[in-house]
Structures are given as C-alpha cells and as structure tokens.
Amino acid sequence: MKKLLSVVLVAALGASLLVCAGCTQQKSDLVMATNAEFPPYEYHGDDGSIIGIDAEIAQAIADEMGRNLVIEDMNFDSILAAVQSGKADMGVAGMTITEDRLESVDFSTPYATAAQVIIVKEGSDIQTPDDLAGRTIGVQLGTTGDIYADDIEDATIERFNKGFEAVQALTQDKVDAVIIDNEPAKVFVAQNDGIKIIDEAFTYEEYAIAIKKGNTDLLNDVNAAIAKLQESGELQKIVDKYITAE
Ligand code: GLN
C-alpha cells in the first residue's frame, strides 16, 4: 500500500514537472504598442533596445501576469488603432486619458500624472499660455499638445511625428513654441542649449494604459498588477530610476 502511494506520488510529481516545463516555454505574448520617442517613458537605449518608465512598468505587469512582453514601436497616432484591432494588447505610451480616446478604448487606472508645458527659446516674449495666440506652435501629431494647440486663437500648428523634431524646429526658429509633456520637455531642454520651459503649465493630465474595449479580463489583470506595483513601491522605484526629484 505504502509502495503504491509513493508510485502514485512520483507519477503526480512527474506530471506536474512536465506541465511546468511546458508553461515556462508557452508563456503567451503580451504585446505593448508604443512610440519610443518619448523619454524618459519610452526611448531607444544605447544598444537600440526600448527602455524607459513605461517599458519597465509593462515588463513588471507582464511578469505579474506570467506573460512574455513584446514591444511594438510605431507612430503615436497609430497606437489606438493597433489596440482596437487587436494587433496590440495594450497601448503604453505616456498616453493621457481623454474623453475622446475613451470613446475608442478603455483605460487602466492611472499610473502617472503629467502636464503639458510650453518650451520657448530663451529671451522669447512668450511668457504665459495666453501669449501663444497668433503664434506658430510645434507639437507631436495626435498628442494632447496637438489637441490643446488647436484651441489657441489664430495659432498656426506645425505637427511632427517625433517630439524632438518639434524641438528642433524651435531651435531653428521655424516655430515660436512647442507644447509637449513635462518630462520629455525636461529631457529635450537638457539636450539643447538656448531653450527653456515657461513656468506656467498648460494643463494637467493622467497617464494610463489603453486596452481594447470589452477586454475586461485584461483590464482587470492590468489594474490588479498596477495596484500591486503601487503598494509594493516597485512602481515608484521605476519612476525614481528615470526621474530625479528636483
Ligand atoms: N501624453 C500625451 C498624449 O497622450 C503625449 C504622449 C506621447 O507623445 N507619447 O497625447
């Protein structure tokens, strides 16, 4: 009887080992759509790989879910379509929750707060958001900066695929100001002489992960992972690695 029991136990153990060997190999992909032109949230590291706060948060979420993170880099204005069509499971791109976007996708709980700020050349006469009326403004196509610039009276808007191209246009005097998210703005200002961020922020917003409407299982899993990462302090640790407190 004893012998029989141990045979059964060994067989059960063997079967569970087999199952486990299979499950590590068969981790399903969790595809993240992003636009890796948005430091410090997502950008290309020295070796060309995509790094940054969002890349690490997404990796931590994938780890929580036992899935294999795959990053798809694309234009910012293609991300929502990729999520809607199922080409990507989630959009993680410093993406601000807006009413408009909520019509086409669901958003996770927010994981960061941000602001749209204005970058100008040092010595510019643009000192507040009101001074933008009638000026030429550079933005990244399809971003909240683009949306807000649209409302500025008599402004001419130049749209670029990459935020840093808008900043380049500013340093080359092709635009008078750039409206962009605060953290990338700090990175771009640090990389270029003669430009600065004006004191008054344009808007305040929240970043969240975009998920296909109706995919509640994934939404719940992502929200549970975010909550866990917030409670454990892991999320803050990731942020602190990329953003040094002032
Ligand atoms: N937060 C901005 C938006 O959602 C910009 C994001 C980005 O350029 N990656 O539109």
Side-chain angles (χ1 to χ4, degrees), residues 31-45 50-58 71-84 87-119 129 132 137-152 155 157-170 175 177-192 197 201-212 222 226 238-239 242-243:
V31 182
M32 150 182 173
T34 198
N35 171 243
E37 304 292 342
F38 198 68
Y41 286 92
E42 42 269 328
Y43 58 104
H44 293 275
I50 295 170
I51 58 171
I53 296 171
D54 283 343
E56 292 208 22
I57 290 176
I71 304 182
E72 295 275 355
D73 191 15
M74 59 188 73
N75 283 341
F76 184 78
D77 68 335
S78 302
I79 295 172
L80 286 187
V83 170
Q84 277 181 298
K87 194 174 158 236
D89 297 304
M90 52 183 194
V92 194
M95 190 177 281
T96 304
I97 304 172
T98 70
E99 290 297 322
D100 255 17
R101 291 173 181 165
L102 278 166
E103 307 238 314
S104 47
V105 291
D106 287 336
F107 277 102
S108 70
T109 45
Y111 62 87
T113 54
Q116 294 296 309
V117 297
I118 300 161
I119 309 177
L132 290 174
I137 302 164
V139 296
Q140 188 186 0
L141 178 69
T143 61
T144 44
D146 185 357
I147 296 162
Y148 295 128
D150 231 13
D151 288 339
I152 297 168
I157 306 169
E158 299 283 348
R159 298 179 172 88
F160 301 86
N161 263 320
K162 302 175 180 178
F164 94 87
E165 292 170 345
V167 173
Q168 239 167 13
L170 176 67
V175 300
V178 170
I179 302 179
I180 195 163
D181 300 53
N182 55 331
E183 291 301 336
K186 284 195 235 161
V187 174
F188 295 138
V189 166
Q191 287 169 349
N192 290 276
I197 299 169
F202 203 61
T203 57
Y204 290 92
E205 28 195 77
E206 286 180 317
Y207 293 165
I209 295 175
I211 289 171
K212 187 176 179 169
V222 166
I226 291 174
I238 294 171
V239 171
Y242 290 92
I243 300 175

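Ligands are counted one by one from 1 in listed order, and the atoms in each one are counted from 1 as well.
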Just jot down the salt bridge (Lys or Arg N to Asp or Glu O under 4.0 Å) partners of D77, sequence neighbours excluded, or say none.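 Partners of D77 under the salt bridge (Lys or Arg N to Asp or Glu O under 4.0 Å) test: none.
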
According to salt bridge (Lys or Arg N to Asp or Glu O under 4.0 Å), who are the partners of R101, at least two apart in sequence or on a separate chain?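 For R101, no residue satisfies salt bridge (Lys or Arg N to Asp or Glu O under 4.0 Å) once neighbours in sequence are set aside.
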
What pairs of residues pass the salt bridge (Lys or Arg N to Asp or Glu O under 4.0 Å) test when at least one of them lies in residues 157-167, not counting sequence neighbours?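 Residue pairs with at least one partner in residues 157-167: E37-K162, D146-R159, D150-R159.
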
Sub-6.0 Å ring centroid separation between F76 and F38: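 No: the rings miss the under 6.0 Å criterion.
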
Backbone N/O of E42 and side chain of D54: donor-acceptor pair under 3.5 Å: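 Such a contact is absent between D54 side chain and E42 backbone.
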
As a test of reading the model: which residues have a non-hydrogen atom less than 4.0 Å away from ligand 1?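 Answer by chain and number: F38, F76, A93, G94, M95, T96, R101, Q140, T143, T144, D181, E205, Y207.
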
Y207 and D181: side chain donor to acceptor below 3.5 Å: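 There is such a pair between these side chains.
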
